[in-house]
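Down below is the structure, laid out as structure tokens.
Residue indices begin at 1 and follow the sequence shown.
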Amino acid sequence: MSEEMAENGHENGGDDPVIELIIKASTIDGIRKGACLFCQEYFMDLYLLAELKTIRLKVTTVDMQKPPPDFRTNFEATPPPILIDRGLAILENEKIERYIMKSVPGGHNLFVQDKEVATLIENLYSKLKLVLVKKDEKKNAMLQGHLGRIDKHLRERGTRFLTGDTMCCFDCELMPRLQHIRVAGKYFVDFDIPKDFVHLWRYMYHMYQLDAFTQSCPADQDIINHYKLQQAMKMKKHEELETPTFTTSIPIDISEFS
């Protein structure tokens with residue numbers, strides 16, 4: 001494998017199970033975290049459980065452009081994310097999600113039932129994809145309208161996160177997508193999340209303070225290259241050599257809305 005990141009959890013480990021999450025590596029250097037949304041989502045889920053000391057987490061990146069022989073032998077053509085628990089490999093996103101909920105210690109606490117929130121964040125990412133492909137104002141307006149509904153939900157609930165004042169699976173799903181919207185939307189079509197979506201910005205501010213997000217977040221360059229590859233665009237040499245940057249500032253004064 002390309003890189004193994006430090007475990008999160010007890011220093012001595014105790015009897016807590018070690019959960020390994022294999023994620024896609026950067027398409028730029030083949031080592032650091034890549035821009036796979038599902039990889040980051042499950043990384044965040046498991047990181048939160050490791051912080052609660054119900055598991056120890058080991059994260060391994062694999063370069064899918066040059067997968068090592070042992071990866072091909074063990075998993076054939078299956079791409080990450082892949083979860084490994086005491087030798088048992090869980091493949092496919094839906095099965096990983098179900099396994100975290102049903103079988104990973106403490107996982108059930110992350111998966112709250114909230115149909116309103118589930119519906120609210122559904123199809124947000126598909127709107128970003130349309131914006132990047134179509135590049136027209138109508139698609140931009142649809143994405144902005146969807147973000148506006150999330151802002152309205154946060155205002156009406158008055159909570160720090162989507163369902164309350166503690167994070168849940170929906171936050172681990174939404175925030176990586178918001179980061180892609182912010183970074184890729186700005187780079188490719190000059191799309192900005194409106195500053196007057198203050199409740200959404202406050203939400204993002206709180207997420208930016210959390211290790212579960214910052215430790216799992218790919219570099220801006222990796223998010224951009226993720227979509228360049230989809231559009232058959234080549235990265236310029238100077239971009240490949242850039243020091244990784246991470247957009248985590250917000251354009252409003254959070255103290256005014258706390």
Could you walk me through whether I121 and L162 pass the side chain to side chain contact (heavy atoms under 4.5 Å, CB included) test, one step at a time?
-> CA-CA 10 Å; I121 66 177; L162 285 171; 4.2 Å; yes

Single-linkage hydrophobic cluster [X]~[Y], side-chain heavy atoms < 4.5 angstrom:
| X | Y | value |
| --- | --- | --- |
| M207 | L147 | yes |
| V133 | L124 | no |
| L200 | M142 | no |
| F188 | I193 | yes |
| L229 | I28 | no |

Distance check, rounded to the nearest 0.5 Å: [X] atom [atom1] versus [Y] atom [atom2]?
| X | Y | atom1 | atom2 | value |
| --- | --- | --- | --- | --- |
| D85 | I96 | CG | CD1 | 12.0 Å |
| L128 | R182 | CG | CZ | 14.0 Å |
| I181 | M204 | CD1 | CE | 8.5 Å |
| H180 | L132 | NE2 | CG | 11.0 Å |
| Y47 | L57 | OH | CG | 8.5 Å |
| I22 | I90 | CD1 | CD1 | 11.5 Å |

Kindly give the heavy-atom pair with the smallest separation between [X] and [Y], and that separation in Å.
| X | Y | value |
| --- | --- | --- |
| A89 | F75 | CB-CE2, 3.8 Å |
| P218 | Q40 | CD-OE1, 3.5 Å |
| G87 | I84 | N-CG2, 4.0 Å |
| C39 | L21 | O-CD2, 3.9 Å |
| K195 | P251 | CE-CB, 3.8 Å |
| P176 | C172 | CD-O, 3.1 Å |

Has [X] got more than 12 heavy atoms of other residues, nucleotides or ligands less than 6.0 Å from its [atom1]?
| X | atom1 | answer |
| --- | --- | --- |
| Q209 | CD | yes |
| Q231 | CD | yes |
| Y205 | OH | no |

Sidechain-backbone polar pair: [X] side chain, [Y] backbone, donor-acceptor under 3.5 Å:
| X | Y | result |
| --- | --- | --- |
| H199 | I150 | no |
| R72 | P67 | yes |
| Q221 | E242 | no |
| Q179 | M175 | no |
| T54 | P105 | yes |

Listed once per pair and sorted, the salt bridge (Lys or Arg N to Asp or Glu O under 4.0 Å) pairs that draw on [range], sequence neighbours left out:
| range | answer |
| --- | --- |
| residues 168-179 | E41-R177 |
| residues 130-156 | K152-E156 |
| residues 98-109 | none |

[X]: what forms a side chain to side chain donor-acceptor pair (under 3.5 Å) with it, not counting sequence neighbours?
| X | value |
| --- | --- |
| N140 | none |
| T247 | D220 |
| H226 | Q230 |

Quick one: do F161 and L154 satisfy side chain to side chain contact (heavy atoms under 4.5 Å, CB included)? Show the steps, please.
-> CA-CA 8 Å; F161 302 112; L154 291 165; over 6 Å; no

Would you call D63 and K66 a salt bridge, taking side-chain N to carboxylate O under 4.0 Å as the test?
-> no

Ion pair check, K33 and D222, cut-off under 4.0 Å | no

Going by atom types alone, do Q65 and T27 pair a side-chain donor with an acceptor below 3.5 Å?
-> no

Sequence neighbours left out, what passes side chain to side chain contact (heavy atoms under 4.5 Å, CB included) with [X]? Give chain and number order.
| X | answer |
| --- | --- |
| N93 | F38, Y42, P81 |
| L110 | D45, L48, L49 |
| P194 | Q144, D196, F197 |

Candidate pair V62 and K24, rule side chain to side chain contact (heavy atoms under 4.5 Å, CB included), full reasoning | CA-CA 5 Å; V62 61; K24 292 179 182 176; 5.7 Å; no

Summary of side-chain hydrogen bond (donor to acceptor under 3.5 Å, both in side chains) pairs that have at least one residue in residues 157-168, sequence neighbours excluded | D114-R157, E116-R157

Pairs flagged by side-chain hydrogen bond (donor to acceptor under 3.5 Å, both in side chains) wherever residues 183-194 is involved - sequence neighbours left out = K186-D190, K186-D192, Y187-K228, Y187-E239

Got L210 and M167 here, is their nearest side-chain heavy-atom distance under 4.5 Å?
-> yes

Can you check whether V183 reaches I224 side chain to side chain, under 4.5 Å on heavy atoms?
-> yes

Under the ring-ring contact (aromatic ring centres under 6.0 Å, His included) rule, collect the residues that match up with Y208, sequence neighbours excluded.
-> F213

Classify the angle between the aromatic ring planes of Y125 and Y227 as parallel (below 30°), tilted (30 to 60°) or perpendicular (above 60°).
-> tilted

What do the steps show when you test I19 against R56 for side chain to side chain contact (heavy atoms under 4.5 Å, CB included), and what is the final call?
-> CA-CA 6 Å; I19 303 293; R56 287 180 291 147; over 6 Å; no

